[in-house]
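The figures that follow rest on heavy atoms only: side chains count, while hydrogens, waters and symmetry mates do not. Quick caveat, the model's predicted, so the values are computed rather than measured. Convention: sequence-line order gives letters A, B, ...; per-chain numbering from 1.
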Amino acid sequence: MRSRPSAGVCLYLQSWLCAVQAEPEKDAVIMTTLCDPMRRGAEWMAELVECPVFLFAVPSTWQGSIPRRLYRDELHRLGRFLEKLGGTAPERESLMEWRVNYDAARRNLRNRQHDLSAYRFFEMLVEFHSGSFSASLVNETCPSRGGIPVGILGGPLLRDSTVLLNQIESLGGKIVLNGMENGERTLPLPFDPERFRDDPIEELVHAYFDSIPDPARRPNDGFYTWLQEITLVRALRGLAVLYYPWCDLWHAEIHRIKETLSIPVIDINLGETPGAGDSARALTRIQSWMDLIR
Amino acid sequence: MPRKISLDEWDVHYEHLRVQGLTEPFYGGPLRRHVCDGDFRLLKLQLDNSPAALRLWNFLLTEEDRLHQARREGKKIVGTMKDLGTVPVLAFSFPDVVAFYPDGAWWIPCVMELSAGLLNIADSLGIDESFCPVRAMLGAFETRAHFPIPDRLFCSVGATCDDFSAIAQRLEAMGHPIIWWEMPPRREPEEDEASVRLPSGFSAPQQLIDLVKMEFQRIREELETLTHETLPDERIREGIHAANRVRALLDELRLATFTAERTPLPALEMQIAEMLAIHFCSNREETINVLQDLLEEVHSRIQKNEGILSRSAVRVFWINPVADLRLMNWLEECGGRLCGSEYLFCHALDPIPEDLPPMEALARMALADPMVGSSSDRAERICRDIRRFGAQAAVISRIPGASHCALEGRILRNKIQTVLDIPVIELEAPPLADSMEPTLRTRLEALVETVKRK
């Protein structure tokens, strides 16, 4: 079974499987159960690559102690997996140093959002999420244009779909919220230095599991609370929900998002093939949406 | 003589049985009355002509009435979602609790031939045809025209399909509070990790079983609060024992039917019978009676060497439940017979261990769910069952819109073909497959031909 799944499968998962398979230098692949296709995709990945595949179980529920315990156990299990591959558990001091650098880079990145175009900010976020967070990343200047404050929201955005960011901004929008999965929405909370020193795993659980808003959580009221708050704080005048075909988790929330917010919300199906066919249709819809917001 | 007959023929046959002294349970009566209630699909189905099958159909099609009656009697109605087989065992251990799966609403569009408008309601709520037909559940809750709104709703999430999870979340957002519980994905134990062999034959780390046990304890406490009753372990043991009685009867029925030289009971009735395992169609004791009747009928037909199909019917193993019940008729009309099935819940068919503390036993059962582990695990179990029942071919029935089908079909097919060297086809049918009948029949006929030529 060396070929990848296609029909009826989320485009992001297909692209992910393809990209990882093509990556020549890898010792392991780590995937999570945030969505069911990814959970099942891990089995496909194990057939496509020679190296071990680790499936991290991210609990869907969050209330009570059981999901946190499961998440914490998974962090420990991941640690054991990495050690088995030859990794070494970090010394406490180097862990603390990492925390300081990570927090600083994340803070700087957030602060630079309004100086950058949506596309450049997205690029920096993707690099940050992939583990590159050197100071130089956020020192460049790239003045963004003004415009009507709008937000984008959804799962992970493929590079081929980022053309939409420029389209929105060229039509007079300014994307002040990048709520995509590989955007700012999934940046964890700043770490508390003392809690991190006392129990770094517990602080990771708090910063990531307790804090990142996501529609996949059950119940997902916390996601809607965050969405309503950030809409107010960033003074959004419109929101675009971007999703791939077969992404049930986002598709199912569109109606409720529209019911919840009092601003114009547009949903854009990013299509089976990135950059082809649907882009003209999407552009027309974005134009109408921007006209509505103006 | 045993045979399949239409509803028109059942009208005549029913009168004939009555004259001969047919005795029926409290929910008995002519099948025609269900058509008057809106179950129009009966007009197109071919049904077994035995009194046992009559009882089965009446039992199934009166479930909503029983749920409403239970509500009038002051019983607590508990809706259990997604886990397909384990939480109802706990719920039915309480004397005044009736549990059912609102998920079962997925068949309403078929049985009522879309007349209830449930899918249109789901569309209006933003849950369109790209989602699994279980979206009909939203319409059922919205109209309140089918089952009573449960006193409590439980739903497992985690290692579950996204469309159901999303649909259940939509249900909660419509104003129906849900008690969510975590079903972690089943994984292989690490070296040096305490592990357990589950009833289904899979393995799982004890750590995960302990987590699921804690979730079941939480469900137990919620039910105790709902009923103002404490549930001692001894009553759960009794509940497990009763559930195992159902499972044992079903196992005997499946083995007898699937391995008989001539098919004693049609595929359609076998699928309905198997569905009784997951929540006992809201009446556990009556489920036992229904299955006993069916088993008696099957044994009688086998003894008399009677069957409803030709001896040369090709033995087919069916994977996944069909959205349109007519497909089970078409399988047989195309020269096949049902010899084995895996309708997403083989863990509801296996006996629950009675030599363990009851909550540990239930947790192990829940983790034995074929859908919470890998598709390879599921395929292995399917291969074992194909061997057990002697199937010559397999059909993977994709559920339209279901998020798992796109990813597991090829894995299942490859494994079955590699291990057993039998032909496997995948097909997909919507809740009303009438317009696709020629295509689907052609696929089934081709499968039968492939086997016959071997």
Heavy atoms, side chains only, cut-off 4.5 Å: are [X] and [Y] in contact?
X: B:Arg187; Y: A:Leu55; result: no
X: A:Asp248; Y: B:Phe131; result: yes
X: B:Glu182; Y: A:Arg218; result: no
X: B:Leu407; Y: A:Leu13; result: yes
X: A:Pro219; Y: B:Trp180; result: yes
X: B:Asp128; Y: A:His251; result: yes
X: A:Glu43; Y: B:Glu408; result: no
X: B:Arg410; Y: A:Trp44; result: yes

[X] to [Y] - nearest heavy-atom pair and separation:
X: A:Gly8; Y: B:Ala406; result: O-CB, 3.4 Å
X: B:Ser375; Y: A:Arg40; result: OG-NH1, 3.3 Å
X: A:Asp36; Y: B:Cys161; result: OD2-CA, 3.5 Å
X: A:Ala252; Y: B:Ala166; result: CB-CB, 3.4 Å

Under a 4.5 Å heavy-atom cut-off, does chain A meet the side chain of [X], its backbone, both or neither?
X: B:Arg135; result: neither
X: B:Glu190; result: side chain
X: B:Met371; result: both
X: B:Ser376; result: both
X: B:Ser156; result: neither
X: B:Ala168; result: neither

Exercise. When heavy-atom pairs shorter than 4.5 Å are enumerated against chain A, which of B:Ala173, B:Pro184, B:Ser165, B:Ser403 gives the highest number?
Worked result: B:Ser165

Problem set entry | Which of B:Val157, B:Ile178, B:Thr160, B:Asp162 touches chain A most, by non-hydrogen pairs under 4.5 Å | B:Asp162

For this session: Evaluate the side-chain contact (heavy atoms from CB on, under 4.5 Å) criterion for residues A:Arg256 and B:Met174: first the C-alpha distance (whole Å), next the side-chain angles of each, then the deciding distance (0.1 Å), finally the verdict.
Result: CA-CA 10 Å; A:Arg256 190 174 164 202; B:Met174 283 161 57; over 6 Å; no

Exercise. Tell me, which pairs form a side chain to side chain donor-acceptor pair (under 3.5 Å) where one or both residues lie in residues 415-424 of chain B, sequence neighbours left out?
Worked result: none

In terms of heavy-atom pairs under 4.5 Å, which option from [options] contacts chain B the most?
options: A:Arg80, A:Glu259, A:His255, A:Glu253; answer: A:His255
options: A:Pro37, A:Gly41, A:Gly64; answer: A:Pro37
options: A:Cys35, A:Ala216, A:Ala57, A:Ser65; answer: A:Cys35

Problem set entry | Proximity breakdown for A:Ile66 and chain B, heavy-atom pairs closer than 4.5 Å | both

For this session: Under 4.5 Å heavy-atom distance to chain B, tell me which part of A:Arg69 shows up: side chain, backbone, both or neither.
Result: side chain

From [X] [atom1] over to [Y] [atom2], what is the distance, rounded to the nearest 0.5 angstrom?
X: B:Asp163; Y: A:Cys247; atom1: CG; atom2: SG; result: 11.5 Å
X: B:Ser130; Y: A:Trp246; atom1: OG; atom2: CH2; result: 6.5 Å
X: B:Gln169; Y: A:Leu249; atom1: CD; atom2: CG; result: 10.0 Å

Exercise. Are more than 12 heavy atoms from other residues, nucleotides or ligands located less than 6.0 Å from atom NZ of A:Lys26?
Worked result: yes

